[in-house]
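Each remark here refers to the structure printed beneath this line.
Everything numeric here is computed off the predicted structure, so don't read it as measured data.
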Amino acid sequence: GAGLTVEPGGRYAFLATDNIAAQLQVADLAQFRAGHFAIVTSATTSTGGGRAVAYDALRYRVLLATDRALLLYRPGS
């Protein structure tokens with residue numbers, strides 16, 4: 001499973017992955033466009049692989065669906 005969403009400002013992308021050590025990854029799109037390594041941070045869960053991700057601009061939250069949970073993150077914290 002995998003998923004991708006971009007925050008409204010277009011600077012960061014949030015990725016849901018099956019990576020055992022980083023089910024949620026955050027990419028700096030400017031770095032990506034420049035050809036550099038773009039992953040700036042990641043999160044590991046104990047609830048299985050990342051299946052989908054969404055960004056709630058009104059509440060400034062990232063929602064990550066995994067195999068067994070729906071997780072809520074506040075970027076920058």
Side-chain angles (χ1 to χ4, degrees):
L4 168 77
T5 192
V6 177
E7 53 87 18
R11 178 163 181 196
Y12 295 104
F14 302 93
L15 300 91
T17 76
D18 282 335
N19 185 319
I20 195 158
Q23 290 85 6
L24 174 65
Q25 298 179 14
V26 180
D28 181 321
L29 295 177
Q31 292 295 316
F32 177 77
R33 285 189 292 274
H36 302 293
F37 183 74
I39 303 300
V40 293
T41 193
S42 62
T44 303
T45 75
S46 60
T47 58
R51 297 290 167 232
V53 64
Y55 184 83
D56 182 339
L58 183 64
R59 293 176 184 84
Y60 191 59
R61 299 290 184 265
V62 175
L63 295 88
L64 175 69
T66 67
D67 292 328
R68 298 184 303 276
L70 180 60
L71 306 169
L72 186 64
Y73 295 90
R74 187 176 80 197
S77 62

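- Chaining together hydrophobic side chains whose heavy atoms lie under 4.5 Å apart leaves Ile20 on its own.
- Taking both residues in full, the closest heavy atoms of Ala57 and Tyr55 are given as CA-CE2, 3.5 Å, listed atom of the first, atom of the second, then distance.
- When atom types are taken as modelled, the side chain of Asp18 and the backbone of Gly49 share no donor-acceptor pair closer than 3.5 angstrom.
- Distance check, rounded to the nearest 0.5 Å: CG of Asp28 to CZ of Arg11 gives 5.0 Å.
- Heavy-atom minimum distance, Ala16 versus Gly50: CB-C, 4.0 Å.
- Residue Tyr60 is grouped with residue Val40 when hydrophobic side chains (ILVMFWY) are merged at heavy-atom distances under 4.5 angstrom, including chains of intermediate members.
- Annotation for Ala13 and Leu4: closest pair CB-CD1, 3.8 Å, computed over non-hydrogen atoms.
- The OG1 atom of Thr45 sits 6.0 Å away from atom CG of Leu71, with the distance rounded to the nearest 0.5 Å.
- Separating the OG1 atom in Thr17 from the CG atom in Leu64 is a distance of 8.5 Å, to the nearest 0.5 Å.
- Hydrophobic clustering keeps Leu15 apart from Leu29 (ILVMFWY residues linked when any side-chain heavy atoms are closer than 4.5 Å, directly or through intermediates).
- Under the 3.5 Å distance criterion, the side-chain polar atoms of Thr66 are matched with a main-chain donor or acceptor of Thr47.
- Hydrophobic cluster of Leu63: the remaining members, joined at side-chain heavy-atom separations below 4.5 Å, are Leu70, Leu72, listed by chain and number.
- The heavy-atom pair separating Leu58 from Asp56 by the smallest distance is N-OD1, 3.0 Å.
- If you take CD on Gln25 and OH on Tyr12, they are separated by 15.5 Å, rounding to the nearest 0.5 Å.
- Nearest heavy atoms, Glu7 versus Phe14: CB-CE1, 4.0 Å.
- Counting only heavy atoms from C-beta outward, the side chains of Thr44 and Gln23 approach each other to under 4.5 Å.
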